[in-house]
Amino acid sequence: MFSVPNAIMKILCLHGDDQNAKTFQSELAPFLSKLQRLDIDLSFDFVDVPRHQFHETGEVRDIRTAHEWLEKKVDDSSFDGVLAFSHGAALVSSFLLYRQWYDHELPPPFKFAIWISGNIPLQVLKDLGVPVSKEAEDVVAQARLQRDQGLGPSLDHAAKARRAVFDSDDCFGLNLNRIPLELKIRIPTVHVWGERDPLFPGSVHLAGLCDPYIRKIHVHQGMHEVPRDGRELTELASLVEWCIQRATWPGQTQL
């Protein structure tokens, strides 16, 4: 097995919309404990994400405003990877796509990404010229309705879950084959979501936009949350270890 160079890997940690850096760190504590047992020196930088309108409206102009904050954070500090939850993951994933499309000469701001209950705003894909079907929009709208009503995933979404992960022609309404390579995230990624999370189709969309050859998926038994079961965290820690090791392979660059 390829070993990680003997250096501290610095990871930026971004919380979700109803959290702050302190609460996110607390929720991640059992998982961080597992990661600290790996044969890798890790440093976690938890920061408070400003309450940009992006979280409320999802409008492209607000998303781009949030990207300005993230870009400054990345430029001011050197990070090896990012670990983000929910809206934090949406912020990072959309930032990566815009950077690849408009600033493709720049290196990736992160070598790897770990996304928990992540998603990619469909407005971002449309703004970048990706064909987004009405079916994909309906899937996201139905998922949000399920959440707002305090329900789990719709029966239709649950029935299509496995197929959507592996069907590049129909990833919950997105035809991944019609998305150019420049709009695929090509750093090693780990995707985590709960099988009882009504918003999980958004996580499947995000996974579909990442290189499947350097991508791992873990589905836990919970909802829209950080998993806490000890056995699941042990498995998840092994996936993160793989992700970090894969990111340090010679030649691992964004093509």
Side-chain angles (χ1 to χ4, degrees), residues 4-29 31-36 38-55 62-121 124 185-192 206 210 214 226 236-237 239-250 252-254:
V4 175
N6 187 22
I8 296 177
M9 305 292 286
K10 188 174 180 181
I11 301 175
L12 174 65
C13 300
L14 299 179
H15 58 79
D17 194 26
D18 294 324
Q19 301 169 310
N20 56 40
K22 185 176 181 180
T23 59
F24 187 39
Q25 184 171 7
S26 177
E27 290 181 19
L28 276 178
F31 180 43
L32 298 182
S33 178
K34 294 282 186 181
L35 293 180
Q36 297 289 10
L38 300 177
D39 190 25
I40 306 172
D41 288 328
L42 301 174
S43 171
F44 301 94
D45 186 3
F46 287 84
V47 299
D48 285 314
V49 180
R51 296 288 176 179
H52 290 295
Q53 290 295 317
F54 154 52
H55 292 307
D62 298 322
I63 294 174
R64 297 297 280 150
T65 298
H67 290 168
E68 294 175 4
W69 170 83
L70 180 58
E71 184 172 33
K72 186 177 187 304
K73 183 67 182 178
V74 169
D75 289 344
D76 289 345
S77 303
S78 178
F79 295 101
D80 294 288
V82 60
L83 191 166
F85 176 74
S86 191
H87 283 85
L91 172 61
V92 176
S93 60
S94 56
F95 172 69
L96 289 175
L97 290 184
Y98 276 109
R99 185 179 173 108
Q100 287 177 194
W101 190 250
Y102 290 112
D103 299 306
H104 53 82
E105 73 282 357
L106 296 177
F110 307 105
K111 298 174 184 175
F112 60 90
I114 302 148
W115 284 314
I116 302 175
S117 299
N119 69 88
I120 180 73
V124 165
I185 295 171
R186 287 168 287 157
I187 58 173
T189 57
V190 172
H191 303 259
V192 184
L206 177 54
C210 296
I214 48 175
V226 176
L236 183 54
L239 296 183
V240 172
E241 182 178 29
W242 164 86
C243 191
I244 294 173
Q245 290 173 339
R246 184 63 179 84
T248 57
W249 280 14
Q252 173 57 52
T253 57
Q254 193 163 26

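By convention here, the first residue in the shown sequence is residue 1.
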From E105 atom CD to D103 atom CG, the distance as rounded to the nearest 0.5 Å: 5.5 Å
Stepwise side chain to side chain contact (heavy atoms under 4.5 Å, CB included) test for L38 and I244: CA-CA 11 Å; L38 300 177; I244 294 173; 5.6 Å; no
H191 side chain to G118 backbone, donor-acceptor under 3.5 Å: no
Minimum heavy-atom distance between F110 and V92, given as atom pair plus value: CE1-CG1, 4.1 Å
Trace of the side chain to side chain contact (heavy atoms under 4.5 Å, CB included) decision for W69 with V47: CA-CA 12 Å; W69 170 83; V47 299; 3.9 Å; yes
Side chain to side chain contact (heavy atoms under 4.5 Å, CB included) between D45 and K73, worked out: CA-CA 11 Å; D45 186 3; K73 183 67 182 178; 3.9 Å; yes
Partner of L83 under side-chain contact (heavy atoms from CB on, under 4.5 Å), chosen from L12, V192, L14, L28: L28
side-chain contact (heavy atoms from CB on, under 4.5 Å) against S77, all qualifying residues, sequence neighbours excluded: K10, F79
Expected output: side-chain S94 to main-chain A90 donor-acceptor under 3.5 Å: yes
side-chain contact (heavy atoms from CB on, under 4.5 Å) against S26, all qualifying residues, sequence neighbours excluded: none
NZ or CZ of R64 within 45° of Y98 ring axis and under 6.0 Å: yes
By ring pair (Phe, Tyr, Trp, His ring centres under 6.0 Å) - contacts of F95 (at least two apart): H67
Atom pair CZ/OG1 of F112 and T248 - distance to nearest 0.5 Å: 9.0 Å
From CD1 (I11) to CG (D80), nearest 0.5 Å: 8.0 Å
Polar side-chain atom of R246 near backbone of I187 as donor-acceptor pair, under 3.5 Å: no
Close side-chain approach of H15 to V49, heavy-atom, < 4.5 Å: yes
Atom pair CG (L35) and CE (M9), whose distance is rounded to the nearest 0.5 Å: 12.5 Å
Shortest non-hydrogen separation from T189 to W242 and the atoms involved: O-CZ3, 3.8 Å
Residue pair L96 / P109, side-chain heavy-atom distance below 4.5 Å: yes
Main-chain N/O of A21 paired to D48 side chain as donor or acceptor, under 3.5 Å: yes
Test side chain to side chain contact (heavy atoms under 4.5 Å, CB included) applied to L236 and V190, step by step: CA-CA 9 Å; L236 183 54; V190 172; 4.0 Å; yes
Nearest-0.5 Å distance, CD1 of residue I40 to CD1 of residue I8: 13.0 Å
Rounded distance (nearest 0.5 Å) linking atom CD1 of I114 with atom SG of C13: 8.0 Å
Test item: side-chain donor near acceptor, T65 and D62, under 3.5 Å: no
